[in-house]
Amino acid sequence: MTGEARISRRWKKAPFIQNPRLRWAIYIGAAVYLVLAIASVEVNWTRIVDGIPRGIKFVGAFFTPDFVSRWDDIYEGFVESLSITGASTVLGLLISIPIGLGAARNISPLPVYLVCRSIIAVSRAFQEIIIAILFVAMFGFGPFAGVMTLSFTTIGFISKLLAEDIEDVDKEQVEAIRATGSSWLQLMNYAIQPQVAPRLVGLAMYRLDINFRESAIIGIVGAGGIGATLTTAFDRYEFESAAAILLIIIVIVMGAEYASGYVRNKLT
Amino acid sequence: MLKIENLTKRYPTGDLALNGVSLEVAKGEVVALIGPSGAGKSTLIRTINRLVEPTSGRILLNGVNLPSLGSRALRRARRTIGMIFQEFALVERLTVMENVLSGQLGYVSFWRSLIRKFPQSIIDEAFRLLERVGLEEFYDKRADALSGGQRQRVGIARALLQNPEILLVDEPTASLDPKTSRQIMRLITELTSERGLGAIINIHDVPLAMLFVKRIVGLRQGEIVYDGDPDGLTSERLTDIYGEEDWTATVRKKGSDQEEEDNGEENDDDLPQAAMSLSRREAAGRQAGRK
């Protein structure tokens with residue numbers, strides 16, 4: 001190498017968008033959009049100023065939560081919420097497993113696959129609240145509507161992730177079991193189940209956690225559980241009781257989080 | 001026993017993997033299938049038990065045309081065809097015993113296999129096989145706790161528990177070190193001769209194939225270009241199969257291989273017990289023969 005004679009070549013990382021005109025058009029367009037969008041938000045400053053003391057009062061209530069005066073309502077609400085959570089997770093899981101198997105392209109024939117994928121798509125299309133409103137209209141107020149709502153949304157969640165996990169299994173292990181002359185059910189039990197079981201348990205624990213949080217929300221639209229108690233407390237400006245409910249929710253969610261992490265660590 | 005006639009496989013992508021392959025394997029005959037990557041070796045053995053569906057041609061196993069079978073009859077036929085894989089293909093989260101017993105899935109009901117209640121005679125046979133491959137202490141270990149060579153031994157035991165008539169062996173040694181490769185090849189060829197089993201062994205390692213197998217079939221671009229004994233594999237023949245290369249190191253020099261094999265046996269200290277005593281006996285026998 002003739003070190004000094006060489007002219008050093010400049011190098012810069014190539015820009016993500018090659019065409020400079022397009023690149024600058026996108027940058028400027030994004031900036032203009034941002035300015036216009038911020039300008040379009042109408043801020044009612046007097047309402048905000050009015051609300052500040054109420055906000056402070058609510059935050060302050062967390063330092064003096066009142067578990068006692070509405071304890072019976074709170075207790076009943078949580079028992080209902082936890083029942084909704086457990087029932088909907090188990091029911092949803094039982095329905096999800098066959099649908100998840102059917103929605104995995106590597107083990108199911110095309111017609112079954114398409115039907116199962118459609119069920120998943122429908123279940124995932126709507127947010128919990130919308131389905132809760134629908135089921136409350138169908139089954140009336142109360143926890144039954146809540147169980148139906150959360151079971152329904154659990155199907156979309158677990159089936160989809162289970163199907164994707166099945167599609168990712170080691171193909172050779174499946175071939176090996178198939179090559180022994182096993183039946184379809186034996187193939188599921190010997191080749192698929194051992195590969196996806198830890199993840200399925202993890203998903204179920206995670207969904208239990210989600211269903212508990214959702215059960216608090218769907219109560220607001222009348223599907224039973226602690227959500228109903230919570231809205232009542234807010235409507236009556238009983239911020240101390242509301243704070244108590246929120247604190248209990250936080251503790252339960254943290255407990256569930258810790259428990260599911262522990263179980264998932266044990267299973268690999 | 002196995003007769004393949006004019007077998008063709010074209011993948012949906014348009015690739016012609018097998019182009020009119022005809023091959024006959026007699027009862028108890030072991031065939032090594034060599035050829036470059038993509039020559040169709042893997043496809044060929046997978047069309048036999050129809051893990052890959054052939055496009056056309058006949059595959060006769062004891063007179064039964066496998067490609068024409070319905071799903072129930074195919075499962076019955078698969079029971080008699082054992083398969084051994086390159087990456088061992090053990091179900092990693094199952095125990096060694098469960099993996100071996102899965103060789104019987106074609107024979108037992110779903111309910112029995114679900115609750116892992118296999119007939120006692122089968123469990124006895126599974127223990128015998130584990131002992132034969134030198135892993136009798138490992139039955140309750142999880143498969144992912146084993147080393148490569150140990151896993152392949154479990155894979156062999158699983159295939160044999162099917163009580164097969166023929167073994168399909170896909171690159172049994174490609175994921176193993178040279179010494180373990182030899183031990184595994186020796187185990188496979190010994191077991192086939194003990195049980196009078198036919199076998200088709202896909203293998204990349206040409207010298208290893210020449211060492212253990214008496215009939216070599218060369219595949220190139222989906223066609224058979226060589227079928228004969230290892231001594232016939234000259235530089236020209238290897239060039240036919242693989243293309244131009246200096247083959248002088250690969251071609252067999254008369255008499256030299258046997259000694260080389262024995263030298264490899266000197267320090268078998270990390271072998272499982274049964275396999276070790278076996279190879280010692282073998283080496284001793286050969287030395288005695290030479291004197």
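The sequence lines fix the lettering, A, B, ..., with proteins before strands; numbering per chain opens at 1.
For Tyr75(A), the OH atom is loosely surrounded, since the number of other residues' heavy atoms within 6.0 Å does not exceed 12. Other residues, nucleotides and ligands contribute at most 12 non-hydrogen atoms within 6.0 Å of the CD atom of Glu76(A). Around atom CZ of Arg116(B), more than 12 heavy atoms belonging to other residues, nucleotides or ligands sit under 6.0 Å away. For Arg105(A), the CZ atom sits in a packed shell: over 12 heavy atoms of surrounding residues, nucleotides or ligands are nearer than 6.0 Å. Around OH of Tyr206(A), the count of heavy atoms belonging to other residues, nucleotides or ligands within 6.0 Å does not exceed 12. Counting heavy-atom neighbours within 6.0 Å of Phe110(B) CZ, excluding the residue itself, gives a total above 12. Shown here is Trp24(A), whose CH2 atom has no more than 12 heavy atoms of other residues, nucleotides or ligands within 6.0 Å. Residue-environment remark: OH (Tyr139(B)) stays at or below the threshold of 12 foreign heavy atoms within 6.0 Å.
Nearest heavy atoms, Ser109(B) versus Gln186(A): O-NE2, 3.7 Å. Heavy atoms only, all atoms of each residue included: Ser113(B) and Asn189(A) are closest at O-OD1, 3.9 Å. Listed here is the closest heavy atom pair of Arg93(B) and Pro194(A): NH1-O, 2.9 Å. Ala89(B) and Ala176(A) make their closest contact through O-CB, 3.5 Å (heavy atoms, listed as atom of the first residue, atom of the second, distance).
Only the backbone of Leu90(B) comes within contact range of chain A, with heavy atoms under 4.5 Å apart. Phe88(B) touches chain A through its backbone: at least one of N, CA, C or O sits under 4.5 Å from a heavy atom, while the side chain does not. Arg46(B) touches chain A through its side chain: at least one heavy atom from C-beta onward sits under 4.5 Å away, while N, CA, C and O do not. Heavy atoms of Glu87(B) lying under 4.5 Å from chain A belong to its backbone as well as its side chain. In this structure, the portion of Arg158(B) lying under 4.5 Å from any heavy atom of chain A is its side chain and not its backbone.
Residue Tyr107(B) holds its OH atom at 13.0 Å from OG of Ser182(A), rounded to the nearest 0.5 Å.
Figure legend: Arg178(A) and Phe85(B) shown without cation-pi pairing, the cationic atom not lying both under 6.0 angstrom from the six-membered ring centre and within 45 degrees of its axis.
Among Pro164(B), Ala77(B), Ser71(B), Ser102(B), the residue making the largest number of heavy-atom pairs under 4.5 Å with chain A is Ser102(B). Of the residues considered (Gln193(A), Glu175(A), Gln195(A)), Glu175(A) shows the highest number of contacts with chain B, using heavy-atom pairs under 4.5 Å. Between chain B and the residues Leu185(A), Ile177(A), Leu187(A), the largest count of heavy-atom pairs under 4.5 Å involves Leu185(A). By number of non-hydrogen pairs under 4.5 angstrom with chain A, the leading residue of Leu168(B), Thr80(B), Val108(B), Leu51(B) is Leu51(B).
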Exercise. Given Arg75(B) and Ser183(A), is the side chain to side chain contact (heavy atoms under 4.5 Å, CB included) satisfied, shown in steps?
Worked result: CA-CA 7 Å; Arg75(B) 288 209 308 272; Ser183(A) 66; 4.0 Å; yes
Exercise. Step by step, would you call Thr180(A) with Gln104(B) a side chain to side chain contact (heavy atoms under 4.5 Å, CB included)?
Worked result: CA-CA 7 Å; Thr180(A) 64; Gln104(B) 275 282 318; over 6 Å; no
Exercise. Between Tyr190(A) and Asn99(B), is a side chain to side chain contact (heavy atoms under 4.5 Å, CB included) present by the stated rule, with each step listed?
Worked result: CA-CA 9 Å; Tyr190(A) 275 76; Asn99(B) 269 293; over 6 Å; no
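A donor-acceptor contact shorter than 3.5 Å is absent between the side chain of Glu92(B) and the backbone of Gln173(A).
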